[in-house]
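To start, the structure itself, in structure tokens.
So that the names make sense, note that chain A is the first sequence line, chain B the second, and so on, each numbered from 1. Because only heavy atoms are used, hydrogens play no part in the values below, and waters and symmetry mates are left out as well, while side chains stay in.
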Number of protein chains: 4
Amino acid sequence: MNESVDLAVEGESPRGRLLREAAHLFREKGYERTTVRDIAAAVGIQSGSIFHHFRSKEDILYYIMVDTIEEITARMEAELARSTDPVERLRSLIFCELQAVNGQTSEAMAVLVYEWRSLAKERQEQVLKLRDYYEHLWLSVLQECAAAGQIAVDPGILRRLLAGALSWTVTWYRTDGSASLEDLASQALALAVKR
Amino acid sequence: MNESVDLAVEGESPRGRLLREAAHLFREKGYERTTVRDIAAAVGIQSGSIFHHFRSKEDILYYIMVDTIEEITARMEAELARSTDPVERLRSLIFCELQAVNGQTSEAMAVLVYEWRSLAKERQEQVLKLRDYYEHLWLSVLQECAAAGQIAVDPGILRRLLAGALSWTVTWYRTDGSASLEDLASQALALAVKR
Amino acid sequence: MNESVDLAVEGESPRGRLLREAAHLFREKGYERTTVRDIAAAVGIQSGSIFHHFRSKEDILYYIMVDTIEEITARMEAELARSTDPVERLRSLIFCELQAVNGQTSEAMAVLVYEWRSLAKERQEQVLKLRDYYEHLWLSVLQECAAAGQIAVDPGILRRLLAGALSWTVTWYRTDGSASLEDLASQALALAVKR
Amino acid sequence: MNESVDLAVEGESPRGRLLREAAHLFREKGYERTTVRDIAAAVGIQSGSIFHHFRSKEDILYYIMVDTIEEITARMEAELARSTDPVERLRSLIFCELQAVNGQTSEAMAVLVYEWRSLAKERQEQVLKLRDYYEHLWLSVLQECAAAGQIAVDPGILRRLLAGALSWTVTWYRTDGSASLEDLASQALALAVKR
DNA sequence: GATGAATGAGAGTTCATTCAT
DNA sequence: GATGAATGAACTCTCATTCAT
């Protein structure tokens, strides 16, 4: 039970619907303020039935996080494989992260950032391992850019400034606005690389 | 009761200690996971006594937010008054925000960002009014910079990218690290303004 | 369905295995703390399948008790038929009860004693009828002994003191100990009959 | 909180009433079938209030056991101090145990015997320590009797047979019956000692 | 102002039982 | 007969809040 599976792919399985509705509610009301009865109602089952799919409420949170990180990481690796130009690869990362933060996984991403403390210590570490690999991808590309003389700021600090700037977009960027995600990515890229 | 007063100034009043300890706990464990008994224990009183100072637990959260915004805004206005050069004024804003996010008010600032949803709708609006004024200060200065041809990105978008980048520093910047807040402000400024 | 059948004889029928494993678990953890899933797992089937054999969890408890009493009673009657000497017949009863309490039916006997309250009132009465017959056998023999001047205590009270002493052996007697059940029966007989 | 105090002495304290009513219910319906709401209703408080007095439902069970053992042990030691004659001291022990099992502490004693498995392993051991001391008192006196040539059976086995016989009286002895506890003690003593 | 026992609604979780396959 | 997902009532326990002292 509960093997990690791509959130989008498993689509209409009960497990998938549960994770999706839970992510929506966790994002909207916060993990603590969301009751298992809320989740059950959103999925259209009884509260007790939740526990056939997940051992505990925290389990749901955990698998939202794990599934999401794994999905994003896979997408990012696929995108990176398409170019060898450092700046273009950086653009890919920025665009992927903007997509992750503002696209279909946006709610799960928000949960990943905002509900961190609701996870037991032990599980935080397991998620951290996945995150470390993800961050390693970013650092590699930024170091390529630095080696190519394309960025002026220390790669470690730049990654962090970008991480904040990009994840924060979830609080203000709306798809129906004037700027597309591609435009936004370009503007963010402009902050990062020299002329 | 409960008139908003500067968090730092009121120092050792019971109200001030309560707000400070509560902010610390809210930041550490989250608002929902912090019990009034936790707060009472941290201050050294009994749980029932809390309600002589605040009408409810949510009240505590509310006044942490209000006091903090007002304090930061005041400090920012004082700093802005010291120069008329747009770029220097922008540096002041960046530095003030970094200080707010990483200095003594850091825990209260984190609460302001992370515990937003735990506030009742009505009170969210009241805090938003204070925030709007604060954001208005930022936009004015960024527009000055734009008028002076110092920035390449749209002021509205730039403010948001910066807001994310700066507030995110709380997750990684440590005072005991190599870079001072002044250095960090310079690096952030470098992202924002042209050469 | 559910006609009472000798627990030992029905050996490997699903019903028999179910009763045996259930008795083991009820004894070990108590009726309430044992879940039907525990029982199903012990037998190697799924929880839902239990209900093809027994109408309810309580049914299982009931048939453990009924089967056990009937089996013990039958064994005791067979043993009594072998002698006409009152003291020897008393020794038979004592030995049979020690066997019941400490032998293969020991777990079922413990369930009979300890899980009494978990049975619905109505069913308690049905089991009581079987028990009354069993106790009637004891009283007859003790009255024979009294008539023969072999016991000094009132038969009714003596039976009860013996019942307690013998059933309590389950809490301390171990087959691998020094004393055999025959020895133990002799010691108990020594308490009951005059020199 | 929860220091062990004599059940009878603390009489009308909330804690004492809680323990008494809980013992009554645990005895009547069993620990598992008794809900904290049952206990609260019996005491006349709300279910949540229970947890101001005891950390958990199991805590209640634990303190019923501890308080009871300590009370009985104390009473027994006082009684033993009154004579040096081994047989009279044995009569005291038998009488005390009969009183414990059938008197005011009878329900708590039954709980002690029947609800053992509902206690967590760790706590079982703590109660066992108290019980070991209690049993040590019994063994000492039985060894005195053996040394004086008054008993024919091994003290260790005799204690166990007596323990079963005496505790079992709770299932059948009624105060309003013909025999007094003193009579019953004499009959039990007659089983134990020669002539 | 401070206390802390009491409240009572509501939380997460369990589990005997059902039933479509 | 067997399965196992689903049910839904009931459980223990939590906690913000009240109030008599």
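No salt bridge links B:Arg20 with B:Asp67; every basic N to acidic carboxylate O contact stays at or beyond 4.0 Å.
Between the CE atom in C:Met109 and the CG atom in C:Leu112 there is a gap of 5.5 Å [rounded to 0.5 Å].
Straight-line distance from the CZ atom of A:Arg55 to the C1' atom of E:dC15: 17 Å, rounded to whole Å. Nucleotide E:dA16 holds its C1' atom 11 Å from the CD1 atom of C:Ile39, rounded to whole Å. Per the geometry, NZ belonging to A:Lys57 stands 12 Å off C1' belonging to E:dT13, to the nearest Å. Rounded to an integer number of Å, the gap from CG of D:Asp38 to P of F:dA10 is 12 Å. If you measure from atom CZ of D:Phe51 to atom P of F:dC11, you get 13 Å, rounded to the nearest angstrom. At whole-Å resolution of the value, CG in D:Leu61 and P in F:dC13 are 12 Å apart. Note: CG (C:Asp59) to C1' (E:dT17) measures 13 Å, nearest angstrom. One atom, CZ of D:Phe54, and another, P of F:dT12, lie 16 Å apart when rounded to the nearest Å.
Sorted by first then second residue, the salt bridge (Lys or Arg N to Asp or Glu O under 4.0 Å) pairs that include residues 119-129 of chain B, not counting sequence neighbours, are B:Asp59-B:Arg123. Within the structure, salt bridge (Lys or Arg N to Asp or Glu O under 4.0 Å) pairs that include any residue of residues 105-120 of chain D comprise C:Glu115-D:Arg117, C:Arg117-D:Glu115 (at least two apart or interchain). Residue pairs that meet the salt bridge (Lys or Arg N to Asp or Glu O under 4.0 Å) test with at least one member in residues 30-49 of chain C, sequence neighbours left out, are C:Lys29-C:Asp38, C:Glu32-D:Arg33, C:Arg33-D:Glu32.
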Pairwise N/O distances under 3.5 Å, protein to nucleotides 6-8 of chain E:
| residue | atom | partner | partner atom | Å |
| --- | --- | --- | --- | --- |
| E:dA6 | OP2 | D:His53 | NE2 | 2.6 |
| E:dA6 | N7 | D:His52 | NE2 | 2.6 |
| E:dT7 | OP2 | D:Gln46 | N | 3.0 |
| E:dT7 | OP2 | D:Ser49 | OG | 2.7 |
| E:dG8 | OP2 | D:Gln46 | NE2 | 3.3 |

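With sequence neighbours left out, the side chain to side chain contact (heavy atoms under 4.5 Å, CB included) criterion links B:Ala41 to no other residue. In terms of the side chain to side chain contact (heavy atoms under 4.5 Å, CB included) criterion, residue partners of B:Ser106 (sequence neighbours excluded) are, by chain and number, B:Arg27. C:Glu28 is linked by a side chain to side chain donor-acceptor pair (under 3.5 Å) to C:His24, counting only residues two or more places apart in sequence or in another chain. For C:Leu130, the side chain to side chain contact (heavy atoms under 4.5 Å, CB included) test picks out C:Val66, C:Ile69, C:Glu70, with sequence neighbours left out. Under the rule for a ring pair (Phe, Tyr, Trp, His ring centres under 6.0 Å), the partners of A:Tyr114 that lie at least two apart in sequence or sit in another chain are B:Tyr114. Scanning for side chain to side chain contact (heavy atoms under 4.5 Å, CB included) contacts around B:Ala42 gives B:Glu21, B:Leu25, with sequence neighbours left out.
Listed by residue number, the members of residues 29-36 of chain A with any heavy atom below 4.0 angstrom from DNA chain E are A:Thr34, A:Thr35, A:Val36.
E:dG1 and F:dT21: their C1' atoms are spaced 13 Å apart (whole Å).
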Watson-Crick and G-U pairing of DNA chain E written in dot-bracket, each distance under 3.5 angstrom, with | for inter-strand partners:
.||||||||||||||||||||

